[in-house]
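Residue numbers start at 1 and run along the sequence shown. Read the numbers this way: they start at 1 and go in the same order the structure lists the ligands and their atoms.
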Amino acid sequence: MKITSAKFVKGITGDDDLLHDGTPHIAFVGRSNVGKSSVINALLNAKELARTGKKPGKTLELNVFAVNAKYYFIDLPGYGYAKGGHDQREAIRDMIIGYLSQNESKPMTVALVLDAKAGVTDFDRDMLHILGDNEHHVVIVLNKKDKLSQKELSDTLYQIQREFPGITIVPYSATTQRKGADVLLSKLFA
Ligand code: GTP
Ligand code: MG
C-alpha cells in the first residue's frame, strides 16, 4: 500500500454522515498518550497532520483523514486518561464505544495501539473485549518499541501473543520507523 495523498477531512464528536459514505475505514484506538496520532503521521509520512502532544488527552474528537482519496484513517481520542474530568471521560468513552459498536460502517481494521513499555493494561483488555464482541478485525500495534531493548521487546511480544493468541501484533516506533511503515500498512490493509 503506497501512500500517495493524505489530508485532514473533519473532526467529529459523534455520528456523522461522513462515516457512512461508503469509504472504508481504518481506526486507531488505544490508551491516551500511547502514540495513536504519531503512528498515523508516521504511516502517512506527514509531520503534524494528526495533532500529537506530550500530555495525554491531545485528541478529543474523532479525526478523519482521507488517504489516497480512497480510505479514511480515523484517529480516536484515547481512553484511560484520569485527569480529563468525569464528564470529558464519559463523553470520550461514548464517542469510542458509539463508533466501534455501530454496524453500518464498520472499520475494515481496528489498530489497537499499545505503549510497548506499558504493555497491555486493564483498559486495553476491556477494549479488546469490546472489539471481540463486535467482531472487529484487530491488529495490535506495539508502539514506542524504541524504548525497549531487543530482549524486552521479544519478552513483551511473547507475553501479549500468549494472552491473545491469533491476534496480529506489529512492533513499531512512530519516532524512528518511518521506513517500517510499509510492514504495518500491509497488515492494516490485509
Ligand atoms: P491522545 O491523543 O492523548 O490519546 O494521545 P496519542 O495516543 O494520540 O499520542 P500522541 O501521538 O499524541 O503521542 C504522545 C507522546 O508520545 C508524544 O510526546 C509523542 O512524541 C510520543 N511518541 C509517540 N510515538 C512514539 C514512539 O514510537 N516512541 C517514542 N519514544 N515516543 C513516541
Ligand atoms: Mg491523539
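L128 and V141 fall into different hydrophobic clusters, defined by Ile, Leu, Val, Met, Phe, Trp and Tyr side-chain heavy atoms under 4.5 Å apart, directly or through other members.
The contact set between ligand 1 and S37, taken as ligand atoms under 4.0 Å from a residue heavy atom, comprises 8 (O), 11 (O). Listed by atom number, the atoms of ligand 1 under 4.0 Å from G78 heavy atoms are 4 (O). Residue A174 approaches ligand 1 through these ligand atoms, each under 4.0 Å from one of its heavy atoms: 24 (N), 26 (C), 27 (O). For ligand 1, the atoms sitting less than 4.0 Å from at least one non-hydrogen atom of P56 are 3 (O), numbered in the order shown with element in parentheses. Ligand 1 places these atoms under 4.0 Å from at least one heavy atom of V34: 7 (O). Atoms of ligand 1 lying under 4.0 Å from any heavy atom of S173, numbered from 1 in the order shown and given with element: 27 (O).
Around the Mg ion (ligand 2), the protein N, O or S atoms found under 2.8 Å comprise S37 OG, T59 OG1.
Between atom CD1 of residue I12 and atom CD of residue E61 there is a gap of 8.5 Å, rounded to the nearest 0.5 Å.
Applying the side chain to side chain contact (heavy atoms under 4.5 Å, CB included) rule to K151 yields the partners S149, D155; only residues at least two apart in sequence or on another chain are considered. Under the ring pair (Phe, Tyr, Trp, His ring centres under 6.0 Å) criterion, F8 pairs with F65, not counting sequence neighbours. Under the salt bridge (charged side-chain N to carboxylate O under 4.0 Å, His left out) criterion, R93 pairs with no residue, sequence neighbours left out.
A salt bridge links E163 to R125: one of the charged nitrogens lies within less than 4.0 Å of a carboxylate oxygen.
Ligand 1 lies nowhere less than 4.0 angstrom from a heavy atom belonging to G30.
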> For L18 and Y72, what are the C-alpha separation, side-chain angles and deciding distance, and is it a side chain to side chain contact (heavy atoms under 4.5 Å, CB included)?
Replying inline: CA-CA 10 Å; L18 186 75; Y72 288 148; 3.4 Å; yes
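Under 4.0 angstrom from ligand 1, the non-hydrogen atoms of T52 come from both its backbone and its side chain.
Of the listed residues (G53, S38, G35), the one carrying the non-hydrogen atom nearest atom 15 (C) of ligand 1 is G53.
The closest donor-acceptor contact from the side chain of Q159 to the backbone of R162 lies at 3.5 Å or more, if one exists at all.
Ring geometry for F189 versus Y71: interplanar angle over 60°, hence perpendicular rather than tilted (30 to 60°).
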